[in-house]
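Scroll down for the structure; my scribbles are underneath it.
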Amino acid sequence: EGRLVVAARVAPLGADHVLLLVEDRSKAARVEEIRRDFLANVSHELKTPVGGISLLAEAIVDAHDDPEAVERFARRISVESTRLTRLVKEIVELSRLQGADVIKDPTLIDVGACAQDAVERSRLLAEEHRIELVTAVEEGCEVWGDAELVTTAVSNLVGNAVAYSENDTRVGVTVRRGRPGLVDVSVTDQGLGIAPDEQERIFERFYRVDSARSRATGGTGLGLAIVKHVADNHGGHVSVWSEQGRGSTFTIELPAANASAPIEPARSAEP
Ligand code: ADP
């Protein structure tokens, strides 16, 4: 898969032998490429709110004798700053997740409790849009992992479900034992839906189907990339089912705790 990158070294070994060391550097090269692309994306994404704030500040200076305009510009500075803060937080979160393959020091977590916390985080926004949040949580759905990360992942899905739905609709969050050995968290909305050819791409960082709508909802384009990394790092998977105009269901599947042991460093056998 991808390019093969090798590093080779030759060292003399005695009078008539040489040692040829060939190292596969493909993974390191791919990681470096991802890091470089990410940095390029990040600087591009940061320029927009920073540029906006600086233009608005100049506009305030020019409009000093028009208090109404000053207030309007100041409010927009505040909105852009909030977005910038969220963007920086998510960039840090994503780069931390990208740098690790698994969760460090996993603990036994109750996915139902994580989902309930996540729903609470979106409650105010949902109420503003008269969107009903309906939860159905099965008891004892435990996995090994990081509770804060799982809560963040579910919260990103619920936040999106609310953001990409019309007023007076319903968002459902269910946690249940899914296929054998798995715990499923599903978030279903009756919103815009996502076209089939966009469904793969939405998990890429900074990818948005409609940038204007994403921006209007304070989106950063990182939410689903974070969800995907959280699922992957827990040994799980995220998928989407969607139909345009009908809605979407995002499902995170995680290995159930009773079916898997925590990932522990290898220990030598006791004498
Ligand atoms: P954003 O911050 O833009 O919401 P995400 O990574 O969370 O970024 O999502 C990427 C894109 O996927 C969004 O911009 C939106 O176009 C689309 N999307 C995500 N969730 C939904 C949903 N529940 N319904 C419709 N479109 C969605």
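Atoms considered below: every heavy atom in the structure, side chains included; atoms not considered: hydrogens, waters and symmetry mates. Just so you know, ligand 1 is whichever comes first in the structure, and atom 1 is the first atom listed for that ligand. These numbers come from a predicted model, not from an experiment.
Atom 8 (O) of ligand 1 has its closest protein heavy atom at Gly221 CA, 3.2 Å. In terms of protein heavy atoms, atom 7 (O) of ligand 1 is closest to Asn160 ND2, 2.8 Å. Nearest protein heavy-atom neighbour of atom 3 (O) of ligand 1: Ser214 OG, 2.6 Å. The protein atom (non-hydrogen) at minimum distance from atom 23 (N) of ligand 1 is Asp189 OD2, 2.8 Å.
Ser26 and Asp24 share a side-chain donor-acceptor pair at under 3.5 Å.
Remark: ligand 1 atoms within the under-4.0 Å shell around heavy atoms of Gly223 are 5 (P), 6 (O), 7 (O). Near Ser248, meaning under 4.0 Å from any of its heavy atoms, are these atoms of ligand 1: 24 (N).
Considering both main-chain and side-chain atoms, Val209 comes within under 3.5 Å of ligand 1 through a nitrogen or oxygen pair.
Scanning Asp210, Ile202, Thr220 for the heavy atom closest to atom 2 (O) of ligand 1 points to Thr220. The heavy atom nearest to atom 5 (P) of ligand 1, out of those in Leu224, Val158, Ile194, is found in Leu224. Across the listed options Phe250, Tyr164, Phe203, Tyr207, Tyr164 owns the non-hydrogen atom lying nearest to atom 25 (C) of ligand 1.
Remark: of the listed residues Leu94, Asn156, Val42, Asn41, Leu94 is the sole one forming a side-chain contact (heavy atoms from CB on, under 4.5 Å) with Leu222.
Put simply, the side chain of Leu149 reaches to within 4.5 Å of the side chain of Leu97, judged on heavy atoms.
With salt bridges taken as basic N to acidic carboxylate O contacts below 4.0 Å, none links Glu33 and Arg36. Here Asp101 pairs with Lys27 in a salt bridge; the nearest charged N to carboxylate O distance falls below 4.0 Å.
Nearest heavy-atom pair across Val175 and Gly112 is CG1-N, 4.0 Å.
Ring geometry for Phe206 against Phe38 counts as parallel: the plane angle stays under 30°, on a 0 to 90° scale with 60° as the upper cut.
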